[in-house]
Amino acid sequence: MKRFSPVPNMVIQREQLRMFQQNLRWGVLSYSLVIILTAYLISIRSEDSTRILTWAGVLLILNTIGAIRFLFFLDKPIDSPRRDGALETFMAAFNGAIFALLPIWFLPSASPEITMLIIFACSGVAAGSVAMQSCWLPVFFSFNTPHLIALIVSLLLRDEAIDHGLAAGIALLAVTLSIFAIKLHSTIRNSVVLRFENDGLIRKLRTALTQTDEANRAKSVFLASASHDLRQPLHALGLLTETLASTKLDTQQAEIQDHMMSAVDSTRSMLDSLLNISKLDAGAISSEPKPFLVQTLFNKLESELAPTADEQGLIYRTRETIAAAHSDPFIAELILRNLIANAIRYTSEGGLLVACRFRAPKRLVIEVWDTGVGIPEEKIDDIFREFKQLKNPERDARKGFGLGLAIAQGLAKTLDTEITVHSTVSRGTVFRFELPASDAEVIEDLPEHLSPTDFAGRSILIIDDDPRIRASMHSLMLSWECKSMSAESAAEALSMIDGHDIDLMLVDYRLREGKTGREAIDDIRAQTGIHIPAIIITGDTGKERIIEAQAADALLLHKPASSTQLQRMMRSLLND
C-alpha cells in the first residue's frame with residue numbers, strides 16, 4: 001500500500017536529487033577507475049588500441065565535466081527538481097550509450113579473457129550504480145539500460161552456447177538489480193518523508209514549548225506581582241498582631257487575637273510556599289551537609305506538630321533512634337515537616353508514626369507512616385505536582401494549597417535524594433526518603449530556640465518607606481527590649497545614627513525615588529566605615545531578586561515574615 005505523505009512531492013524530489021548529486025563524487029571516481037583499468041587491459045591484448053583509448057577518453061571527459069559541475073554547483077539551490085532531474089537523466093543516458101560501445105565494438109571477436117573482462121566491467125558498473133543512482137530512478141535506468149542491452153545482444157550474436165547462457169545470466173542480473181534499485185528508491189523516499197515529518201513535529205513541539213514557557217513566565221510574573229502587593233500589608237498586620245499578643249488582653253480580646261493570628265498564618269503559609277517554589281526554580285537553595293542526630297530533629301518536630309495531631313484526635317508516635325545523618329539538617333527538617341503536616345492533614349482517625357532505620361551501606365531511611373485515606377497507585381505521581389490535591393475539591397485552606405509535597409520533592413533533590421511513596425487506599429500511606437549516615441565521633445546538636453529577650457540592649461536600625469511597616473517593626477523591636485531607630489531613607493538614617501553604634505540594619509528592598517535597600521546598606525557602610533550586619537526585607541519573590549540577594553553581603557527575608565523567622569536571622573547575624 002502506498003504511504004500517504006503530507007510532504008509536497010516537489011520537496012521530496014528536491015531532497016532525492018540532492019542526495020544523488022552528493023553521491024556523484026564517489027561514483028565518478030570509482031566509474032573513472034573502472035574505465036581506466038578496462039581500457040588498459042584491453043589495449044595490451046588488442047591490436048585496435050586506438051578505438052579503446054578513444055572510448056575511454058570520451059568517457060573520462062564526460063566524467064571530468066560531471067566532477068566540475070559537482071564542485072561548482074554543490075551549494076546551488078535546486079529550484080526545479082524536474083528540470084534538473086531531466087538534465088541528469090539525459091547526461092546519464094548519453095554516458096550509458098557511450099559505455100555501451102564497449103561490448104558492441106570489442107565483444108564479437110573478443111578472446112575469452114577479454115569477454116570476461118567486458119562482462120565484469122558492465123555488470124560491476126551496473127551493480128555499483130544501484131547504491132549511487134537509486135535516489136533518482138530515471139538516472140539508474142537511462143544509464144544501465146543501454147550498456148546491459150548491448151552486452152546481452154552482443155553475447156546472443158555469438159555462436160557458442162556458453163555465450164547464450166551468459167546472456168541469460170546478465171538478463172537475470174539486470175532484472176534483479178532493477179528490483180533492488182526500485183526497493184531502495186522506495187526506502188530512500190520514505191526516509192526523506194519521515195525526516196521532513198519529524199522536522200515538522202519538532203518545530204511544532206518547539207512552538208508548543210515556547211508557548212508553555214511564555215505561559216509559565218506570565219504565571220510567574222502574575223504570582224510575583226500579586227504576592228508582592230499582598231505581602232506589604234500582611235507583613236505589617238502580622239507584626240502588629242504578634243506584638244498585640246505581648247500586651248494585656250482580656251479573654252475575648254485574646255480569642256480575637258488568636259483568630260487574627262490564625263488567618264495571618266494561613267495566608268503567610270501560602271505565600272511562603274510560593275516563595276519556596278520560586279527559590280527552587282531559581283536554584284537558590286543549596287545544601288550544607290554536616291553531622292546531626294536524627295532523634296533531635298524528631299523531638300523538635302514532635303513538639304511543634306503533635307499538638308495539631310492531638311486536636312484532631314490522632315496518635316502521634318516517634319520511634320526512638322540513635323542514628324546520625326550527614327546532610328543539611330535544616331533542609332531535612334523542611335522535608336520532614338511537610339511530610340508530617342501532610343499526614344496529619346489527610347488522616348481522620350488512627351495516627352501517624354515517624355521512624356528511621358538503617359539501610360546498608362551507610363544509608364538511613366526516614367519514614368512517615370499514616371492511617372489516612374491512602375492514594376490510588378495511578379495518582380501517586382500527581383501528588384508531587386504544584387497546586388494538586390486529590391482530596392480537597394472544595395479548596396479548603398485548612399487542608400493546604402497543594403504545594404507541600406511539590407516543595408518537599410524539590411528540596412529532596414537538593415539533598416541528592418528522592419521521596420518515594422507506598423500507599424493502600426483506605427488503609428494509609430508511607431513516605432520515605434534516604435540520607436547518608438554519619439560516622440562522626442562527635443556530633444554538634446541542632447541549636448536550641450532562643451528567647452527574644454536575648455536581643456535586649458541591641459541597637460537596631462529600621463529603614464522602610466512605609467510608615468505602617470516602620471511602626472510595626474519599631475513596636476516589635478521594643479517588645480524584644482531592643483534599642484530601635486526607624487527612617488524612611490538612607491539619608492535620614494545617616495542623620496539619625498551620627499554618634500550611635502548600630503548592631504543590625506533591617507532594610508526594605510524598595511525605597512523611595514527608585515532606591516533599593518542594597519544601595520542604602522552600601523551607602524551607610526561607606527559613610528560609617530563599619531561593616532554593619534544587615535537583613536534585606538522584601539515582598540518581591542522573583543528569581544532575579546533571589547539570585548541578586550545571594551551576591552549581596554546581607555541576608556534576605558521575605559514578607560510577610562513571622563517573628564520566628566526574623567528572630568532566627570537576627571540570632572545568626574548578632575551571634576556572629
Exceeds 12 heavy-atom contacts within 6.0 angstrom, atom CZ of R427: no

Value rounded to 0.5 Å, distance of CD in E519 from OH in Y509: 7.5 Å

From CA spacing to verdict: side chain to side chain contact (heavy atoms under 4.5 Å, CB included), L151, L166: CA-CA 10 Å; L151 178 60; L166 289 172; over 6 Å; no

Pairwise distance CG(L107) to OG(S154) - rounded to 0.5 angstrom: 5.0 Å

Interatomic distance, H422 atom NE2 to E367 atom CD [nearest 0.5 angstrom]: 11.0 Å

Main-chain N/O of M91 paired to N95 side chain as donor or acceptor, under 3.5 Å: no

Note: K413-E418 ion pair, threshold 4.0 Å (strictly below): no

Where I331 and L411 come nearest, the two heavy atoms and their spacing: CG2-O, 3.8 Å

L102/I52 under side chain to side chain contact (heavy atoms under 4.5 Å, CB included): CA gap, chis, key distance, verdict: CA-CA 8 Å; L102 178 64; I52 188 64; 3.9 Å; yes

Closest non-hydrogen atom pair, V130 against L184: O-CD2, 3.6 Å

Residue pairs involving residues 83-106 (criterion ring pair (Phe, Tyr, Trp, His ring centres under 6.0 Å); sequence neighbours excluded): Y31-F99, W55-F99, F99-H147

Partner residues of E160 under the side-chain contact (heavy atoms from CB on, under 4.5 Å) criterion, sequence neighbours left out: I162, D163

CG-CD1 distance between L297 and I366, expressed to the nearest 0.5 angstrom: 6.5 Å

F180 side chain near S134 side chain, heavy-atom distance below 4.5 Å: no

Sidechain-backbone polar pair: T187 side chain, K183 backbone, donor-acceptor under 3.5 Å: yes

Test item: I536 and L555 side chains (from C-beta on) under 4.5 Å apart, heavy atoms: no

D370 side chain reached by V430 side chain, heavy atoms, under 4.5 Å: no

Heavy-atom donor-acceptor pair, S43 side chain to Y40 backbone, under 3.5 Å: yes

Within-4.5 Å side-chain heavy-atom neighbours: K290 and P329: yes

Shortest non-hydrogen contact from L364 toward C356: CB-SG, 4.1 Å

Side-chain donor/acceptor of D328 to backbone N/O of E288, under 3.5 Å: yes

Step-by-step side chain to side chain contact (heavy atoms under 4.5 Å, CB included) determination, L339 to V354: CA-CA 10 Å; L339 295 182; V354 182; over 6 Å; no

CD1 on I98 to CD1 on I35, rounded to 0.5 Å: 10.5 Å

Close side-chain approach of L173 and L148, heavy atoms under 4.5 Å: no

Non-neighbouring partners of L157 that pass side-chain contact (heavy atoms from CB on, under 4.5 Å), sequence neighbours left out: V153

Heavy-atom pair with the smallest gap, counting every atom of P138 and T89: CB-OG1, 3.5 Å

I375 versus V421, closest heavy-atom pair with distance: CD1-CG1, 4.3 Å

Side-chain donor or acceptor of Q409 paired with backbone N/O of A406 under 3.5 Å: no

Contact check, side chains of I42 and I114, non-hydrogen atoms, under 4.5 Å: yes

Backbone N/O of I188 and side chain of S191: donor-acceptor pair under 3.5 Å: yes

F140 side chain reached by S178 side chain, heavy atoms, under 4.5 Å: yes

Side chain proximity check, I152 to L156, heavy atoms < 4.5 angstrom: yes

Nearest non-hydrogen partners of P108 and P103, listed with the distance: CD-O, 3.6 Å

Short side-chain to backbone donor-acceptor contact, S129 and M132, under 3.5 Å: no

Audit row: R357, R432, side chain to side chain contact (heavy atoms under 4.5 Å, CB included) steps and yes/no: CA-CA 11 Å; R357 58 188 177 86; R432 297 184 176 94; 3.8 Å; yes

Side-chain H-bond candidate by donor/acceptor type, T429 with S423, under 3.5 Å: yes

Side chain H164, main chain R158, donor-acceptor under 3.5 Å: yes

Interatomic spacing from CG in L336 to CG in L435 - rounded to 0.5 Å: 9.5 Å

